[in-house]
Structure formats: structure tokens, C-alpha cells
Colleague: 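Sharing a structure with you now.
Hydrogens, waters and symmetry mates play no part in the numbers below; they use all other heavy atoms, side chains included. In each ligand, atom 1 is the first atom listed, and ligand 1 is the first ligand listed. FYI, the numbering just counts along the sequence from 1.
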Amino acid sequence: MRLIAVVHHRHEEWVCALREAETRLEIRGFHPRGPLDDSWLAGAEGLFVWKVPEGLIARMPRLTWIQSAGAGVDHLLSDPSIPAALPITRADGQFGLWMARYTLVHLLAATQRIDECRETQRQRRWAPGLVPEDLTGQVALVLGFGRIGRQIGRALREIGLDVQGFVRTSRPDAEFPLHATRDLGAWLPRARVLVLCAPLTPETRGLVDANLLAAGHPRLVLVNVARGGLVVTADLLESLDAGRLERAVLDVFAEEPLPPDSPLWSHPKVVVTPHHSGPSTPRAMVPDVLENLRRFAEGQPVVCAVDRARGY
Ligand code: GLV
């Protein structure tokens with residue numbers, strides 16, 4: 001029987017779900033800060049993990065596969081303790097669905113003028129002038145158009161927006177126009193909303209900077225469900241203050257938890273949420289790893305490993 005270690009703060013839940021999914025493996029769970037069992041780990045060939053605790057990889061000489069407990073693997077790819085040749089697979093579970101809901105609720109809160117309605121309610125004032133904005137035909141840009149981006153794109157299209165996807169290199173697609181990321185700036189002046197759901201790679205780090213934001217529409221709503229590192233925070237704050245965009249809805253930050261002294265907390269045009277746009281529960285994630293669990297149990301190589309050169 002091959003051994004898989006689950007090192008996760010909710011390891012009990014994951015181990016249960018994984019054992020149920022594949023009975024031909026010995027699966028054991030450990031808390032990332034809890035005691036480890038070195039002799040058992042020395043025989044484990046698979047590792048199911050979010051962030052790798054320091055020194056863990058050195059204790060696993062037989063390791064042949066790392067399964068990420070999430071979609072973004074930037075922190076695993078930049079971890080010097082992980083050998084470059086080790087296959088890492090990722091899982092995005094039902095993030096697309098959740099992030100589509102997240103995007104819609106925050107965009108619609110702005111365009112349905114929810115804050116103002118609450119305020120006039122508080123004042124017991126009937127305000128028929130608070131007319132919702134019609135989003136029909138308005139342009140939505142979605143940066144990163146994998147499974148997650150596509151689902152967000154579909155949801156935005158369903159409520160009437162004209163959705164344009166952005167990927168590394170433009171390609172024909174049956175469902176949506178897909179442009180090269182380098183053309184984002186050219187589209188920005190037309191956009192009502194820009195959703196970031198691309199992986200953090202050397203190419204996307206700091207992509208949303210003063211330069212790009214200068215091209216934006218003053219009514220632009222920026223939604224970031226990807227990684228904080230895609231956005232240069234100082235440039236974003238400056239652009240918000242200069243009236244170059246309407247609102248920034250941020251679920252992810254360069255530093256998490258967001259430090260208490262961050263100006264983002266109190267900025268009137270910023271919505272801060274605690275990295276909750278895509279909950280990574282075993283129920284949502286396990287279907288993504290079934291095929292590789294089966295292959296692993298049968299001694300076959302895992303598939304769909306992250307391409308280190310691309311960064312996702
Ligand atoms: C969460 O941020 C993930 O990448 O899964």
C-alpha cells in the first residue's frame with residue numbers, strides 16, 4: 001500500500017474524504033504545526049498540503065507527488081525545499097461557482113446602489129431617485145480564463161455584460177473572445193468591471209499598476225479573487241484617491257492576514273474580504289483529485305501537473 005500524508009490544519013476532514021474516495025492507500029493526517037511521525041513520513045510517497053511546513057520535504061525522501069489543497073500554487077513553486085522535478089498538481093474545486101457568486105454580489109451591490117438604499121432606509125427616507133444602473137452591454141474584463149475565469153465570465157454574461165477574457169496568448173474560443181493579457185490596457189477604458197482570477201506568476205506580479213490603472217474608466221470596479229501580488233497596492237490607493245476607478249473589491253492581499261495598519265481597511269472605496277471567495281472544503285475539492293488518487297494507488301504517474309515554466 002502506498003502512503004499519503006495530509007499536512008493541513010483541517011487534516012481530519014481531508015483524511016476522511018480522501019479515504020472514502022480511495023481505499024487502496026494508507027492516508028494519515030498531521031497538523032502543520034503539530035507533531036509529525038518521522039518514521040511513517042519517511043515511507044510516504046504522496047503529500048497533500050497547502051503550505052509546506054519548514055523541514056517537511058527533507059523528512060520525506062520517498063516523495064513522488066504533491067497535491068495542493070488549493071488552486072494557486074505560487075507559494076509551492078517558490079518554495080526552495082521542493083525539488084523542481086517533483087510533480088505538483090492543483091485543485092480548483094468549485095471555486096469558479098463561488099467566485100462567480102462573489103463577483104456578482106459585489107458588482108451588483110455597487111450597481112444596485114445597496115449602500116445608498118441602506119442609508120436612506122436608516123434615515124426612513126423614500127428615495128425613488130435611487131435607480132439601479134443597467135449593466136446590459138457594459139464591458140466586463142476577466143483576466144485569467146481557466147475553469148474559474150470561464151465560470152465568472154458566464155455568470156457576468158448571464159446578467160447582461162459583454163465579457164472579454166484575457167489569457168497569456170490570445171486564442172480562438174467557441175464561447176468568449178479571448179485576448180492576450182498585453183492588450184488589457186487597450187480594453188480598460190471601456191470596462192465597467194475588471195475581475196482578476198489569474199495565477200500569480202512572474203508575468204502577472206504587479207500587473208495592475210499605476211500605468212495600467214491610468215488607462216481605466218473612472219467607474220471601473222476592480223475585483224481581485226486571485227492573489228494580492230497581482231496588484232501594486234500603493235498604485236491602487238493612489239488611483240482610487242485620484243478618482244481613476246470607482247471601487248476595489250479585494251479578497252486577497254500581498255500580506256495575509258491584512259495587517260491592522262493597512263490603509264485598505266478604512267478606504268471608503270475599498271471592500272476588504274478575508275480570502276473567502278473560494279472555500280476549499282474537501283467536499284468541493286476531492287472530485288478534482290479522484291483521478292490522480294486512483295492513478296497513484298495503481299502506481300501510474302499523476303496527470304495535469306503544474307507547468308513550472310508557466311507557473312500554473
Ligand atoms: C486559494 O487561494 C487557492 O489558491 O486555493
Side-chain angles (χ1 to χ4, degrees), residues 6-11 13-14 17-18 29 32 46-53 65-79 82 86-103 105-106 142-152 167-168 195-208 222-231 233 248-259 262 264 271-293 302 304-308 310-312:
V6 175
V7 179
H8 197 275
H9 63 282
R10 290 200 316 264
H11 59 91
E13 239 180 286
W14 282 104
L18 293 170
L47 172 63
F48 203 94
V49 74
W50 173 236
K51 275 191 183 134
V52 175
W65 172 37
I66 295 184
Q67 169 65 48
S68 159
V73 290
D74 43 289
H75 57 290
L76 295 175
L77 297 186
S78 62
D79 183 331
I82 301 176
L86 201 63
I88 299 176
T89 52
R90 54 186 284 284
D92 52 35
Q94 291 166 4
F95 286 178
L97 176 64
W98 281 92
M99 290 174 175
R101 291 173 180 152
Y102 179 95
T103 303
V105 81
H106 289 286
V142 180
L143 174 74
F145 223 77
R147 283 211 308 184
I148 297 173
R150 187 172 294 274
Q151 201 148 356
I152 295 174
V167 288
R168 285 172 84 217
V195 186
L196 307 179
C197 49
L200 179 63
T201 67
E203 281 167 66
T204 62
R205 185 178 290 281
L207 184 84
V208 181
L222 171 73
V223 178
N224 190 3
V225 290
R227 283 290 180 267
L230 265 67
V231 177
T233 306
V249 178
L250 308 174
D251 189 45
V252 286
F253 304 88
E255 189 184 345
E256 293 180 13
L258 184 63
S262 167
L264 293 170
V271 176
V272 170
T273 61
H275 201 142
H276 73 176
S277 62
S280 35
T281 59
R283 201 165 70 100
M285 310 300 273
V286 164
D288 275 11
V289 301
L290 284 182
E291 164 73 2
N292 276 333
L293 276 183
V302 294
C304 297
V306 166
D307 177 339
R308 277 188 171 261
R310 269 191 340 193
Y312 57 94

Colleague: Report yes if A71 has an N/O atom closer than 3.5 Å to an N/O atom of ligand 1; otherwise report no.
Modeller: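 Right, the criterion is met.
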
Colleague: For ligand 1, which atoms sit closer than 4.0 Å to a heavy atom of G70?
Modeller: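 Reading through ligand 1 atom by atom, the close ones are 5 (O).
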
Colleague: For residues I82 and L86, report the shortest heavy-atom separation together with the two atoms involved.
Modeller: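 Scanning both residues, the minimum pair turns out to be CG2-CD2, 4.1 Å.
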
Colleague: Do H275 and ligand 1 have an N or O pair less than 3.5 Å apart?
Modeller: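 N/O-N/O distance under 3.5 Å: yes.
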
Colleague: side-chain contact (heavy atoms from CB on, under 4.5 Å), that's the test. Do R147 and D288 meet it? Break it down for me.
Modeller: CA-CA 12 Å; R147 283 211 308 184; D288 275 11; 3.0 Å; yes

Colleague: Between G72 and ligand 1, does any nitrogen or oxygen pair lie at a separation below 3.5 Å?
Modeller: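 Right, the criterion is met.
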
Colleague: Passes side-chain contact (heavy atoms from CB on, under 4.5 Å), T233 versus F253? Steps please.
Modeller: CA-CA 9 Å; T233 306; F253 304 88; over 6 Å; no

Colleague: Give the numbers and elements of all ligand 1 atoms closer than 4.0 Å to a heavy atom of R227.
Modeller: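 Listed by number with element, the hits are 1 (C), 2 (O), 3 (C), 4 (O).
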
Colleague: Between W50 and H75 (judged by ring centroids, cut-off 6.0 Å), do the two rings come close enough to count as a pair?
Modeller: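 Yes, ring centres under 6.0 Å apart.
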
Colleague: Looking at every heavy atom in both C197 and V142, which two are closest together, and how far apart are they?
Modeller: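 Taking every non-hydrogen atom into account, SG-CG1, 3.7 Å.
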
Colleague: Only heavy atoms of F95, strictly under 4.0 Å: list the atoms of ligand 1 that pass.
Modeller: 3 (C), 5 (O)

